[in-house]
Structure formats: C-alpha cells, structure tokens
> 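Handing you this structure, nothing more for now.
All figures in this text were calculated on a predicted structure; none of them were measured in a lab. Position 1 is the first residue of the sequence; numbering continues from there.
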Amino acid sequence: CKAGESWSCLAPLCLDLADWEATEAALGPAGPFELLVNNAAVALLQPFLEVTREALDRSLDVNLRAVLHVSQIVARQMIAQGVPGAIVNVSSQASQRALRDHAVYCCTKSALDMLSKVMAMELGPHKIRVNTVNPTVVMTDMGRINWSDPQKSAAMINRIPLGKFAEVDDVVNSILFLLSDKSAMTTGSSLMVDGGFLVS
C-alpha cells in the first residue's frame, strides 16, 4: 500500500502454513513488514491415551512450526530494513493450565510461549519486540458453537472471576496494544486475556 491508502489494498495470501516451501514462496516477496500477528492454530482435542500421531504432527506443524517459520521470514526482512518491528503470537490460557482432552494443544501453546521468549531475547537487539496474548475461550463463531451449551460452558465460566468468556475485541485490543508504541518497553511477555481464569 502507498501512504494514505486503506488496508483493503492488501491482497490476502491463502496457503497451508504447514507447507514450508509454499510459505517461503508466498511470504518472501510479500514484504516489507513492520508488524506480524501469528494467529493460525488448530485444536484437535483427544484424551491423552487416545492422542494420535496425526493429531500431534498437525498441531505441531500449525501451532508451533508455522509460527517459527513465518516469524523467521518476517524478522529477517525487518532486520534487513533496519527498522523496529513487533510480533505478537496468539497463545492461550491453555499454555499454563492443564485442561482435559487438551494434551497436545496445551503442549503446543506452552512451547509457543517459550519460543516467543527466546525470540524476544534474540530479536531485541534488532529492535524487534515479541510478545504473546493468552486468551480464554473467545466468542468467535466457532467459540459460540462449541461453548453455547450452558452445561458445558458453566464449568469453565465458574472458574473465571469476571464470569464471562472473551469477545473478539478483547483479544484484538490487546494485540493492538502490543503492536503499538504504547508497549514500547514490553517484550518477552504474555498478556493474559482470561478474565482471571489463571488466578482462580
């Protein structure tokens, strides 16, 4: 986009982030970048004793490997431009609390939190900040479908001091803060958007 143009001038890139070669080919010429939000994820829920190799591989590919790879591509471009940048990785409260049937999801989100800290340490000298947002259940269309049953949602909501799930704007506003200069001294942090779930 040129100065003064709207964001609508940007054409979306649709690809399987688990495909490293396709991701490299699509993102390589797509820059320059100053900001990155890694939000793609899958949640393949299975009891621990029933976790399949396919579910594990797919979850690692999307929830962790894709974040590492996309961030490498973007960060290299940021460094080459010599301008400050910010990366926000969308994690989860599940990175810090065990949840039934979430063995793989919890592990990939915990790994994402630690990857983000290492990225913050190594990219900081290049003036690139890296943080995570860690939401509770978010009321996206999928979230409303999965958590609209009061019997299912009650057990989770009862553990949230604010007594409700997050709305999309709650997460978006947190991401915007971490991308902005208002968080210029914040890197390597996890911003909980969980209504207090982790303190209950």
> Would you say the side-chain atoms of His102 and Gln46 include a donor-acceptor pair closer than 3.5 Å?
no
> Counting distance only, does the side-chain N/O of Asn131 pair as donor-acceptor with the main-chain N or O of Ser189 below 3.5 Å?
yes
> Do you see a donor-acceptor pair shorter than 3.5 Å between the side chains of Asn89 and Ser116?
yes
> Give a yes or no on whether the backbone of Ser95 and the side-chain of Ser110 come within a donor-acceptor separation of less than 3.5 Å.
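Yes; at least one donor-acceptor contact below 3.5 Å.
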> So does Gly124 get a backbone contact from the side chain of Arg129, meaning a donor-acceptor N/O pair under 3.5 Å?
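Pair absent, no side-chain N/O of Arg129 close to backbone of Gly124.
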> Between the side chains of Thr132 and Ser190, does any donor sit under 3.5 Å from an acceptor?
yes
> Does the Lys117 side chain pair with the main chain of Thr187, one donor and one acceptor, at a distance under 3.5 Å?
no
> If you look at every heavy atom in Ala55 and Val104, which pair is closest and at what distance?
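So the minimum-distance heavy-atom pair works out to O-CG1, 4.2 Å.
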> Verify, without hydrogens or angle tests, whether Ser59 (side chain) and Leu56 (backbone) share a donor-acceptor contact under 3.5 angstrom.
no
> State, to 0.1 Å, how close Leu198 and Arg97 come at their nearest heavy-atom pair, and which atoms those are.
O-NH2, 3.1 Å
> Does Ser91 reach the main-chain N or O of Val133 with its side chain, forming a donor-acceptor pair under 3.5 Å?
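Checking the backbone N and O of Val133 against the side chain of Ser91, no donor-acceptor pair under 3.5 Å is found.
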> Thinking salt bridges, do Arg144 and Glu167 make one under a 4.0 Å N-O criterion?
yes
> Minimum heavy-atom separation for Phe177 to Ser180, with atom names?
O-OG, 2.8 Å
> Hey, are Thr108 and Asn63 close enough side-chain-wise for a donor-acceptor pair under 3.5 Å?
yes
> How far apart are the closest heavy atoms of Arg159 and Ser200, and which atoms are they?
O-OG, 2.5 Å
> Describe, in one word, how the ring planes of Phe165 and Trp147 are oriented to each other, choosing from parallel (under 30°), tilted (30 to 60°) and perpendicular (over 60°).
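Ring orientation, 0 to 90° scale: perpendicular.
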> Between Asp170 (side chain only) and Ala166 (backbone N and O only), is there a donor and an acceptor less than 3.5 Å apart?
no
